[in-house]
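This report concerns only the one structure given below.
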Amino acid sequence: MQVVRLASETDFAGWREAARSLRAHRIPPDETLWTVEGDDGLFAETPRAPTAEARPFRVPREFVELASAAILHRCDDRFALLYRILWRLEREPYVLRVADADGDKARDYARGVSKAVHKMKAFVRFREVAAEDDAEAYVAWFEPAHRVTEIVAPFFMGRFANMRFSLLTPDACAHWDLKDLVFTAGADPADAPKEDALEDYWRTYYASIFNPARLKVGAMQKEMPKRYWRNLPEARLIPDLIARAERRTTAMVARAPSTPSRRVMRAALRNSRDAPYDGQALTSLEAVMAGVHVCRRCDLWRDATQGVTGEGAPHARLMFVGEQPGDQEDLAGRPFVGPAGQMFDKALAEAGVPRERTYVTNAVKHFKHEPRGKRRIHKTPSTREVTACRWWLDNERRIVRPKVIVALGATAALSVTSKPVTVAKSRQQALQLSDHAQGVVTYHPSFLLRAPDPETKARAYAEFVQDLKFAWKLSG
Ligand code: URA
């Protein structure tokens, strides 16, 4: 039995190196035992470095992404599970694309981790503490469902760049001193303060945004589970707000209608279907990403793991717009990384378009789907959802300022051009768009995957490559 001892519960780099070496030496999963530094009684052999005879191998990017998320799950079998999948990928390269017990379990783990990330971003509350040099400092205590502190801390560093803080959890603590983000070992709840002057601000804010007429206790508890309440200053108000909701709603309904204020009218106008923008225009892709993570412009966020924004060269000349993230993209938080993404990458390579010099995004930022058994089946977003999400795409367009925008499929074309478009009739044309970019419309890569017969598929693929070449040249 080969025993591998990793440096910590979140040591992905160590797992990856050991797994690579084990597999190169053809040590099967059932002869491998994974432990973590500090586990007693097991003597670990350092996995041997690959030798010249050891066979080199490559794994798909989707596996690396899945593994780097799933490894943060609290289940003890995750290291072994991921090594088993890695092992199987050689003979069963499709293993992550089909319903499979190992693949499903790893995806479940990654989904759980992604939810834990989302909850941590939403429910951490910093409290002010007296620092030795009288400077302001803040401390928060949080118990994440999985070991996500190290990947969430940079989010708080970005959000509270001017605030010295320590984020304490039982697994690890993150400390930001305005210069460096440093991690230390896990802490105890007693290390974190319970109250500060900001609590009252939180409570006042929460009470003022609470709308009794829209109260849905089940949905509220699902979104804000009770286990997080003890760290939330506003949680103390919830039972009373719920108890009084019905009476307040009846009183609201009985009250004579009032004329909306000018401010409310202006906001309503901005939010109307035709208004492309609301609020202030965003000025950075980081702001778009932060906004998408908390977006409630339509209901798609409810069933999605996370919002997925675009990625690529921040001032790319060529922007690609797809429809919406798929199952894999929803888990990975990145556009076009699943099967459609692989088709897209292949065609880009054939057309000579370097993906890293482009910007790739979607018309809709959350995965719309319906459950079928254990699978999540893609559903086409409605015009209302596309319109609601256009705010984010418009911001991406304004910030990146591409010369050419390629709409991949009809939904993207609707979002990019603001009108219904027939893809087959609009190919190979340069359309003038409202922001002075030129638009190109082509097939969605999953159309190529779904083509009914090999001839249609080959023809559509060749046309797709031709369209990519056309757009690349136009952007040059
Ligand atoms: N399909 C899309 O339109 N976008 C993705 O990111 C993935 C699949």
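Source: prediction; values computed, not measured. For reference, positions follow the sequence shown, starting with 1. Numbering of ligands and ligand atoms starts at 1, following listing order.
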So, using salt bridge (Lys or Arg N to Asp or Glu O under 4.0 Å) as the criterion, who are the partners of Glu143 when residues are at least two apart? Arg230
Exceeds 12 heavy-atom contacts within 6.0 angstrom, atom NZ of Lys121: yes
Near Pro335, which atoms of ligand 1 are under 4.0 Å from a heavy atom of that residue? 6 (O)
Residue and atom name of the nearest protein heavy atom (relative to atom 4 (N) of ligand 1), distance in Å to one decimal: Asn362 OD1, 2.7 Å
Report the nearest protein non-hydrogen atom to atom 8 (C) of ligand 1: residue, atom name, distance rounded to 0.1 Å. Gln324 O, 3.8 Å
With heavy atoms under 4.0 Å as the rule, classify the contact between Glu323 and ligand 1 as side chain, backbone, both or neither. both
Both conditions, 6.0 Å and 45 degrees, for the charged tip of Arg164 above the ring of Trp176: are they met here? no
Sub-4.0 Å heavy-atom contact, His444 with ligand 1: yes
Got more than 12 heavy atoms from elsewhere within 6.0 Å of CG, Asp180? yes
Taking distance alone, with no angle check, do Pro325 and ligand 1 share an N/O pair under 3.5 Å? no
Check side chain to side chain donor-acceptor pair (under 3.5 Å) between Arg159 and all other residues, then give those that pass, not counting sequence neighbours. none
Assess the residue pair Arg372 and Glu370 against the criterion (salt bridge (Lys or Arg N to Asp or Glu O under 4.0 Å)); give the C-alpha distance rounded to whole Å, side-chain angles, the decisive distance to 0.1 Å, and a yes or no. CA-CA 7 Å; Arg372 196 165 308 152; Glu370 62 187 8; 3.5 Å; yes
Evaluate the ring planes of Phe344 and Phe336, with Trp represented by its six-membered ring, and classify them as parallel (under 30°), tilted (30 to 60°) or perpendicular (over 60°). tilted
I'd like to check which ligand 1 atoms, numbered from 1 as shown, lie under 4.0 Å from a non-hydrogen atom of Gly326. 7 (C)
By number and element, which atoms of ligand 1 are closer than 4.0 Å to a non-hydrogen atom of Gly322? 3 (O)
Starting from atom 6 (O) of ligand 1, which protein heavy atom do you reach first, and at what distance in Å? Phe336 N, 2.8 Å
